[in-house]
Amino acid sequence: MRTCSRWLCALLLLLGAAGCNSEYTSSHQPQSDALVARLHDAIRHGAWEALPRIYDPSYLEQNDRREIARRWEELTRRFGPIRSFRLQASQHDARLQGEFYFYRYAVLFDHGSAEETITVYRSSRTGRLAVSGHRVEVNRG
């Protein structure tokens with residue numbers, strides 16, 4: 001009887017851990033990919049009014065929407081229209097507090113290129129997905 005109860009306890013612990021683990025590793029990759037596609041669509045068409053629905057509020061507190069628009073407008077003035085956003089790499093990192101999705105894109109303009117890094121965060125508490133980091137670096141050379 002004692003062996004049976006130990007075995008039952010071990011089984012219950014494993015099942016409990018597996019249940020927690022499935023939430024921990026849950027992936028919302030398709031929704032994250034769609035959010036990044038919406039961001040790129042807004043940038044390509046100059047739809048700057050869409051940014052508050054894409055970016056996390058804390059990101060927009062530190063990066064003014066008008067400044068974001070000005071940077072992209074300056075890039076297209078300097079290098080021409082955007083031809084494409086080409087995905088170079090992506091990564092998913094699940095943590096207890098939420099999920100992180102990291103993307104690296106090559107941004108191709110008519111007369112130049114840039115490297116773009118985007119971080120999407122999904123809070124475990126609220127379930128909201130938003131861009132929490134976005135950096136663009138012009139390629140030199």
Side-chain angles (χ1 to χ4, degrees), residues 2-141:
R2 184 171 248 171
T3 304
C4 185
S5 65
R6 284 185 188 164
W7 185 83
L8 184 58
C9 284
L11 180 63
L12 289 174
L13 284 172
L14 285 173
L15 288 174
C20 291
N21 194 33
S22 67
E23 176 61 30
Y24 179 73
T25 60
S26 156
S27 176
H28 294 83
Q29 189 76 49
Q31 295 93 331
S32 182
D33 294 348
L35 183 67
V36 171
R38 283 182 31 222
L39 172 63
H40 284 156
D41 193 52
I43 291 168
R44 190 184 304 267
H45 295 98
W48 311 118
E49 69 281 354
L51 296 184
R53 293 184 303 278
I54 296 170
Y55 285 108
D56 187 76
S58 63
Y59 182 85
L60 288 175
E61 286 173 10
Q62 298 175 355
N63 300 275
D64 183 67
R65 180 171 69 170
R66 291 177 299 266
E67 182 60 25
I68 294 168
R70 189 196 63 72
R71 278 187 242 143
W72 282 102
E73 289 165 354
E74 176 60 31
L75 286 171
T76 56
R77 252 192 311 280
R78 185 173 168 195
F79 299 113
I82 296 170
R83 281 193 276 151
S84 67
F85 293 94
R86 277 199 203 139
L87 181 63
Q88 303 294 306
S90 67
Q91 181 179 343
H92 171 238
D93 185 6
R95 300 184 184 199
L96 290 176
Q97 71 272 23
E99 295 176 81
F100 293 86
Y101 300 88
F102 304 99
Y103 299 87
R104 182 172 320 153
Y105 281 87
V107 184
L108 303 176
F109 298 89
D110 274 352
H111 307 291
S113 63
E115 294 292 320
E116 178 185 44
T117 306
I118 300 169
T119 303
V120 174
Y121 174 65
R122 181 186 176 277
S123 168
S124 292
R125 188 175 55 79
T126 66
R128 183 174 189 271
L129 250 132
V131 172
S132 62
H134 191 185
R135 195 170 89 197
V136 179
E137 295 180 23
V138 174
N139 292 331
R140 306 282 181 212

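Quick note: numbers below take in every heavy atom, side chains included, and nothing from hydrogens, waters or symmetry partners.
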Taking all non-hydrogen atoms of both residues into account, name the closest pair between S84 and R44 and its distance. CA-NH2, 4.2 Å
Heavy-atom closest contact (R128 atom, A130 atom, distance): NH1-CB, 3.0 Å
So how far is it from L129 CG to D56 CG, rounded to the nearest 0.5 Å? 10.5 Å
Would you compute the distance between atom NE2 of H134 and atom CD1 of I43 and round it to the nearest 0.5 angstrom? 4.5 Å
Could you walk me through whether L39 and F85 satisfy the side-chain contact (heavy atoms from CB on, under 4.5 Å) test, starting with their C-alpha distance in whole Å, then the side-chain angles of each, then the deciding distance to 0.1 Å, before giving a yes or no? CA-CA 11 Å; L39 172 63; F85 293 94; over 6 Å; no
Could you walk me through whether S113 and N139 pass side-chain hydrogen bond (donor to acceptor under 3.5 Å, both in side chains), step by step? CA-CA 6 Å; S113 63; N139 292 331; 2.7 Å; yes
Consider side chain to side chain donor-acceptor pair (under 3.5 Å). Of T117, D33, T119, which one does Y103 pass it with? D33
Heavy-atom pair of closest approach, residues L60 and P52: CD1-CA, 3.6 Å
Which atom names give the shortest non-hydrogen contact between A89 and L87, and what distance separates them? O-CD1, 3.4 Å
Set of salt bridge (Lys or Arg N to Asp or Glu O under 4.0 Å) partners for R71, sequence neighbours left out: E67
What's the verdict on side-chain contact (heavy atoms from CB on, under 4.5 Å) for F79 and V138, showing C-alpha distance, side-chain angles and the deciding distance? CA-CA 10 Å; F79 299 113; V138 174; 3.5 Å; yes
Looking at every non-hydrogen atom in both residues, tell me the closest pair between Y59 and V131 and how far apart they are. CB-O, 4.1 Å
Sorted by chain and residue number, the salt bridge (Lys or Arg N to Asp or Glu O under 4.0 Å) partners of R83 (sequence neighbours excluded) come out as D110
Say you draw a straight line from CZ of F102 to CG of D93; how long is it, rounded to the nearest 0.5 Å? 5.5 Å
List the steps, then state whether side-chain contact (heavy atoms from CB on, under 4.5 Å) holds for Q97 with Y121. CA-CA 10 Å; Q97 71 272 23; Y121 174 65; 3.9 Å; yes
If the condition is side-chain contact (heavy atoms from CB on, under 4.5 Å), which residues does E73 pass it with, not counting sequence neighbours? W48, A69, R77
Scanning both residues in full, the closest heavy-atom pair of L96 with S124 reads O-OG, 3.1 Å
Parallel, tilted or perpendicular for Y105 and H40, by the 30°/60° rule? perpendicular
Taken to the nearest 0.5 Å, the spacing of Q91 CD from Q29 CD works out to 10.5 Å
Interatomic distance, CZ@R70 vs CD@E74, rounded to 0.5 Å, equals 6.5 Å
Below 6.0 angstrom between ring centroids: does that apply to Y101 and H92? yes
